[in-house]
Number of protein chains: 2
Amino acid sequence: MKRVDIGVLSEKSGVSPSTLRYYEEIGLIQSVGRHGLRRQFDAQTATQLALISLGKMAGFSLEDIKGMFAKDGSPRLPRAELHLRADALDQQIRDLSRLRDALHHVADCPAETHMECPKFKRLMNFAARTNTRHKV
Amino acid sequence: MKRVDIGVLSEKSGVSPSTLRYYEEIGLIQSVGRHGLRRQFDAQTATQLALISLGKMAGFSLEDIKGMFAKDGSPRLPRAELHLRADALDQQIRDLSRLRDALHHVADCPAETHMECPKFKRLMNFAARTNTRHKV
DNA sequence: CTGCCACTTCAAGTCAACTTGAGGTCAAGC
DNA sequence: GCTTGACCTCAAGTTGACTTGAAGTGGCAG
């Protein structure tokens, strides 16, 4: 397995060295050695960081993400649970699609006040009570 | 316009009274009067809260959201900008779809270590460098 | 061999988004 | 009329996710 210096990984992934150290400290990723003082990571860690980035984008906390994947990136959860999460995510995707549609709508709708526009309200009111944070 | 007590709005929207006060304090929503000491809000505020919830889900900060919508919920941005945001959101939706697909994949893929699975890596590596936070 | 510079540690600081606590108020039900 | 409970204010505390600062180190270019 190829190893890369922290600077290289940082450059490749767009995650700052201090954040990489922080992620290692909380056990989200792991370094595989040193080159002088400098941490070295498995090149694969880049893929893991992409996964972490997506997880964050989906609203998971680092703690949640840590619970989902082992330090080497392999999943820690049983199949059924993974499918469940995927389904929850799918719901979220539908919600975001509604926000996107709402944005397009308000950009184009001639109505004076969108809060009164029935089409807009219909778009929004499905969204009520959806939670911004995933519970784990 | 119908008015509701803070407790009722909280109940309807799933947002706690303290959060509603906080949102008012930072100018994200506004109350329209008092019933004794209790704040009253326009019933429409529920729709606004749904919008705020979606915005948060999409990764916008409250400050961002405040910049996008006036206190009455009407958009503050020109058409073109709204379409731009909608497009950015669409990109994010595609990323999340990839995460969803990845979750389904690791749930079903028999490969020992997913970090090595080419299909998985392909799914992930598009996601590299996508930012979790929208820039505004 | 000498700088340089990106890293190192460790503690402390920051920022957003709330929540909590103390002490107070008031409309509604009994 | 009195109690109760959900609200009120204001300040301070909390949590997550990092970043910053000070003081030090070590590989590599010249």
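FYI, side chains are in, hydrogens and waters are out, and symmetry mates aren't considered; it's all heavy atoms of this structure. Bear in mind the structure is a predicted one, so any value in this text is a computation, not a measurement. Each chain gets a letter, A, B and so on, in the order its sequence line appears, and its residues count up from 1.
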For DNA chain C, the dot-bracket pattern of Watson-Crick and G-U pairs whose distances stay under 3.5 Å, | for other-strand partners: ||||||||||||||||||||||||||||||
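- With rounding to whole Å, B:Asp64 atom CG is found 13 Å from C:dA17 atom C1'.
- Residues satisfying the side-chain contact (heavy atoms from CB on, under 4.5 Å) criterion with B:Leu77, sequence neighbours excluded, are B:Met68, B:Glu81, B:Leu82, B:Arg85.
- A ring pair (Phe, Tyr, Trp, His ring centres under 6.0 Å) check over residues 30-59 of chain B, counting only residues at least two apart or in different chains, returns nothing.
- If you measure from atom CD of B:Gln40 to atom C1' of D:dC8, you get 14 Å, rounded to the nearest angstrom.
- When the side-chain hydrogen bond (donor to acceptor under 3.5 Å, both in side chains) test is applied to A:Ser61, the partners found at least two apart in sequence or on another chain are A:Asp64.
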Using atom types as modelled, flag every donor-acceptor pair under 3.5 Å from a side chain in residues 1-8 of chain A to any protein atom, sequence neighbours excluded.
unit_1	atom_1	unit_2	atom_2	d
A:Arg3	NH2	A:Val32	O	3.1
A:Asp5	OD1	A:Gln40	NE2	3.3

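- Remark: A:Arg39 is in phosphate contact with C:dT8, judged by side-chain N or O atoms under 4.0 Å from OP1 or OP2.
- By the side-chain hydrogen bond (donor to acceptor under 3.5 Å, both in side chains) test, B:Ser16 pairs with B:Ser18, B:Thr19, sequence neighbours left out.
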Tabulated below should be each protein N or O lying under 3.5 Å from an N or O of nucleotides 26-30 of chain C; please produce it.
unit_1	atom_1	unit_2	atom_2	d
C:dA27	OP1	B:Gly36	N	3.4

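- Rounding to whole angstrom units, CD1 of residue A:Ile6 and C1' of C:dC5 are separated by 15 Å.
- Judged as a side-chain hydrogen bond (donor to acceptor under 3.5 Å, both in side chains), and not counting sequence neighbours, the contacts of B:Glu24 are B:Ser31, B:Arg39.
- Atoms CG (A:Asp5) and P (C:dA6) sit 13 Å apart, rounded to a whole Å.
- Put simply, CD on B:Glu25 is 14 Å from P on C:dA16, counting in whole angstrom units.
- A distance-only check finds no donor-acceptor pair linking the side chain of B:Ser53 to the backbone of B:Leu49 [under 3.5 Å].
- Under the ring pair (Phe, Tyr, Trp, His ring centres under 6.0 Å) criterion, the residue pairs touching residues 63-98 of chain B are A:His104-B:His83, with sequence neighbours excluded.
- In terms of modelled atom types and a separation under 3.5 Å, the side chain of B:Lys12 and the main chain of B:Ala46 share no donor-acceptor contact.
- Distance, A:Arg21 CZ to D:dT20 C1': 11 Å, rounded to whole Å.
- Pairs engaging residues 43-53 of chain B under the salt bridge (Lys or Arg N to Asp or Glu O under 4.0 Å) rule: none recorded [sequence neighbours left out].
- Contact annotation: A:Ser16 reaches the phosphate of D:dT19 (side-chain N/O to OP1 or OP2, under 4.0 Å).
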List every contact pair, protein side and nucleotides 11-17 of chain D side both N or O, where the distance is under 3.5 Å.
unit_1	atom_1	unit_2	atom_2	d
D:dA17	OP1	A:Leu62	N	3.0

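- Residue B:Ser18 places at least one side-chain N or O closer than 4.0 Å to OP1 or OP2 of C:dT19.
- When the side-chain contact (heavy atoms from CB on, under 4.5 Å) test is applied to B:Asp90, the partners found at least two apart in sequence or on another chain are A:Arg100, B:Ile93, B:Arg94.
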